[in-house]
Amino acid sequence: MKTTRSSEEYHRAELLFPGGVNSPVRAFRNVKRDPLFIEKGQGAWLFDVDGNRYLDYVGSWGPLLFGHAHPEILNAIHQAAQRGTSFGAPTPGESQLAELIRQFFPSMQMMRFVNSGTEATMSALRLARGFTGRAKFIKFAGCYHGHGDSFLVKAGSGALTFGEPDSAGVTKGTATDTLTATYNNLEEVETLFANNPDQIACVIVEPVVGNMGTVPPQPGYLQGLRKLCDDNKALLIFDEVMTGFRVAKGGAQERFEVKPDLTTLGKIIGGGLPVGAYGGSAEIMQSLSPLGKVYQAGTLSGNPLAVAAGTAMLKLIQDNPGVYEQLEKKGQKLCDGLQLALQKASIPGIVQRVGSMFTLFFTERQTIENLDQVLACDRDKFVKFFNGMLAKEVYLAPSPFEAAFMGAAHSESDIDMTIKAAEEVLLDMARAGK
Ligand code: HOZ
């Protein structure tokens, strides 16, 4: 695999951007190679600037349910762009997208559009604090809710990839209001509530964690969080930036039948363009300015291009009601194949999956339920696996702390190719280990 041009681009970018990138995980440092620079994407495939192609299981970190450059999404963007790219004033398109979102997420009776998942979670936290009049909140080790100061405490994703789950620049004052607990452990949450009576505004959780690899909630866990929040008059926030329109059409809240007070959504409702949203009951949402006292604003919020792309994306979901069943079946086939490949190579590991998001963990354990267990997995094996798969044209997330995403554009033969590649890579790893 020749990557000369990618390396040239990387060295050029290193002079312009810290680490040569505009978001840390994509620097590929943890997989010990230079990043690939992308020329284009088409369906399930990515093409780099050297002309190599890769079957893409990152999918822009989740939103590309129907693959790259889907004609209906491109057409919507094109049509919208001809009418202008930004107005800083309301448009009917925003209501159309919001009505569609509400059909899938009835808990989001009212919502507010922002520009990213990070903005959505930051704003939802401020709203929860403003609504309850309380300062503290609970998050879970290994969960990542974007790069807002309050959330960079025991954070997952890039923060974890580079060993900085607690970022420099976050003041002690900010961090003291962030209480952390172990994911899938209700007792710790109960204790935090008991030790901080009437002080906790909300609990925020990735209902299925994607930012430390795919870690599903144990049966009853999300219901338990719901009850603890109710008992303590705190709000429950589901960060569905990854799981929204992914693990079910109505996200994790539909799949696990738990209704949060607030939901945050990200790039998927922009068809891959920069968008986020947060929403909940009218009572809570009406605390936002200009009706209420919680302030939040943005010129590009509800940007017409992003709204058009998002509307096209949600219409695709609406018009393809069978898509989640197909993704479930394909996800099962792929993950069963990967699990068998581990067995054939006698390499300890498990593949965890919820719908079409999944992760292969190199571990002796039967399940991975929290961050400590994730951190105990074999990272050297991950690096070898990642690079081996890349050499066989399969593009996985360049970090063991990210989920993989499969979409409707991945064909049966793409899945067969992935399983075959994994079998070969794992057998090579097993041989080399002897
Ligand atoms: N934090 C994103 C995934 N969890 C990665 C964003 C990026 O590097 O593009």
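Start at 1 and go down the list; that is how both ligands and their atoms are numbered.
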Which of the atoms in ligand 1, numbered in the order shown and given with their element, are less than 4.0 Å from a heavy-atom of [X]?
X: M242; answer: 4 (N)
X: Y144; answer: 1 (N)
X: E402; answer: 3 (C), 4 (N)

How far is [atom] from its nearest protein heavy atom, and which residue and atom is that?
atom: atom 8 (O) of ligand 1; answer: S23 OG, 2.8 Å
atom: atom 9 (O) of ligand 1; answer: R26 NH2, 2.8 Å
atom: atom 2 (C) of ligand 1; answer: S157 OG, 3.8 Å
atom: atom 4 (N) of ligand 1; answer: N211 OD1, 2.7 Å

- How about F382 and F401: are their ring centres within less than 6.0 Å of each other?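 Ring-ring flag for F382/F401: false, centres at least 6.0 Å apart.
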
Worksheet item: Would you call the rings of Y221 and Y183 parallel, tilted or perpendicular, where under 30° means parallel and over 60° means perpendicular?
Response: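 Taking Y183 first and then Y221, their aromatic rings stand perpendicular (interplane angle over 60°).
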
Notebook entry, point to check: Hey, what's the ring geometry for Y54 with Y395, parallel, tilted or perpendicular (30° and 60° as the breaks)?
Noted result: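 Judged by the thresholds at 30° and 60°, the geometry between Y54 and Y395 is tilted.
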
| request: Report yes or no: does T118 contribute a side-chain atom to a donor-acceptor pair with the main-chain N or O of H147 at less than 3.5 Å? | output: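 A pair under 3.5 Å: yes.
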
message: Let me confirm one number: the CD-OG1 distance from E206 to T264, rounded to the nearest 0.5 Å.
response: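 Between atom CD of E206 and atom OG1 of T264 there are 9.0 Å.
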
Practice prompt. Tell me, please, whether F104 has K249 positioned over its six-membered ring: NZ or CZ under 6.0 Å from the ring centre and within 45 degrees of its axis?
Written response: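 No, cation not above the ring by the 6.0 Å, 45° rule.
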
